[in-house]
Amino acid sequence: MILTSTSLLFSLLLKPGPVVSYTVTLDPADTTSIRVAMVIQAATTAETRIAMAVHPEYNDRFWRFVRDLRADVDGEPVAIAAEGNHSWRVPTPIGKHRTTVTYRIQLPPESSNNRAVWHTTVRRNGASINSTDTFLYLPDYPRSLVAVAFRVPENWEVRSGLSCTFQRIAPGTRSCAGESASTVTDATTLLDSPILLGELRSWSFSVQGIRHEVVYWPLPQSPGFDSAAFVAGIESYARQAFGLFGRAPYSKYTFLIEDGAGGALEHRNSVSIGAQSSELASDLRAAMGEIAHEFFHTWN
């Protein structure tokens, strides 16, 4: 049988693959690195390729900052073979085996108070995770099912555009796997979903029965601003967009807004926006144009 390019694409997307679970550890006492454990189960081949994704627009080549890359199968260390500058091959015996890959992201030096909003960063009061630069994935199985958990301080919240809600499953652990610990999303969706963690402020509103969350990650000791007016302004944009397009291409939407950052990057059902609290305190319109622009991209 000869596959057309379209049918080949669909065969790859529907290709059965392993299940992956991630545990990300963040320590506010160490704002220079992120630790990740990646467990691969139900493998269909004796060896599996892992890689760091390349963003088509903002490629920061974060594979340069991967450190201490190791793997084991059922607790026994195994060798990892490099394959190019951002991919590797690891043994994944078929059957009821677990391949665990661990690594550390050594964050490049950058001011946590003045950075591009899509740059991963850790502060004492939280973290901003660009999933593309954090989660190694299985490039041969872009729709592989995944679950995600974070080990973070007890008072940190976790917010993202993912359809699940991060729940406390143990002291200091938040899981996006739901009550039954079942898989909740796929790799492609995870890589397109930035995540905010920490001492967050959040509000919500609904348009046509669809929930919209506004999440703000402030700098420590940041000045206050009129949050009610700020959220009302965002809601008005959402209502105007619904009036223009008729319906939304999502079932939930999250505005992830960060103090100490600049720029913006849209995603399928979320957006990362840099908005300085010092500017919002004096003029709420400082960030509104950027928010409206990026939100409009949801339909484009």
Checklist line | is_close_aromatic(Phe255, Phe230), centroid dist under 6.0 Å | finding: no
Notebook entry, point to check: Per the side-chain hydrogen bond (donor to acceptor under 3.5 Å, both in side chains) rule, which among Thr44, Asp186, Thr48 passes with Tyr141?
Noted result: Thr44
Item checked: Under 3.5 Å donor-acceptor, Asp60 side chain and Phe62 backbone -> no
Checklist line | Ser222 side-chain N/O to Leu219 backbone N/O, donor-acceptor pair under 3.5 Å | finding: yes
Check: Who passes ring-ring contact (aromatic ring centres under 6.0 Å, His included) against Phe245, sequence neighbours left out?
Finding: Phe296, Trp299
Next item on the list: Take Asp259 and Ser277, measure what side-chain hydrogen bond (donor to acceptor under 3.5 Å, both in side chains) needs, and give me the verdict at the end.
Entry: CA-CA 6 Å; Asp259 198 357; Ser277 58; 2.6 Å; yes
Next item on the list: Name all residues meeting the side-chain hydrogen bond (donor to acceptor under 3.5 Å, both in side chains) criterion together with Tyr250; count only those two or more places apart in sequence or in a different chain, and write none if there are none.
Entry: His212
Notebook entry, point to check: Are the side chain of Ser87 and the backbone of Glu83 linked by a donor-acceptor contact shorter than 3.5 Å?
Noted result: yes
Next item on the list: State the CZ-CG distance between Arg35 and Asp30, to the nearest 0.5 angstrom.
Entry: 7.0 Å
Next item on the list: Sorted by first residue and then second, give each ring pair (Phe, Tyr, Trp, His ring centres under 6.0 Å) pair with at least one member in residues 71-90; sequence neighbours left out.
Entry: Trp63-His86
Hey, can you pull the donor-acceptor pairs under 3.5 Å for the side chains in residues 203-211, sequence neighbours left out?
{"from": "Ser204", "atom 1": "OG", "to": "Arg211", "atom 2": "NH1", "distance (Å)": "3.4"}
{"from": "Arg211", "atom 1": "NH2", "to": "Glu213", "atom 2": "OE2", "distance (Å)": "3.2"}

Next item on the list: May I ask you to decide if Asn269's main-chain N or O and Lys252's side chain share a donor-acceptor pair within less than 3.5 Å?
Entry: no
Notebook entry, point to check: Looking at residues at least two apart in the chain, or sitting in another chain, which of them share a side-chain hydrogen bond (donor to acceptor under 3.5 Å, both in side chains) with Glu154?
Noted result: Arg168
Note to self: What's the separation between atom CG in Leu244 and atom CZ in Arg239, rounded to the nearest 0.5 Å?
What the structure shows: 15.5 Å
Item checked: From CD1 (Ile34) to CD (Gln106), nearest 0.5 Å -> 10.0 Å
Check: Do the side chain of Thr92 and the main chain of Ala43 share a donor and acceptor less than 3.5 angstrom apart?
Finding: no
Margin query: To the nearest 0.5 Å, what is the distance between CG on Asp192 and CG on Leu190?
Written below: 9.5 Å
Note to self: Applying side-chain hydrogen bond (donor to acceptor under 3.5 Å, both in side chains), can you list everything that pairs with Asp74, at least two apart in sequence or on another chain?
What the structure shows: His97
Margin query: Pair Tyr22, Phe150 - check ring pair (Phe, Tyr, Trp, His ring centres under 6.0 Å), show working.
Written below: CA-CA 8 Å; Tyr22 300 94; Phe150 286 94; 9.8 Å; no
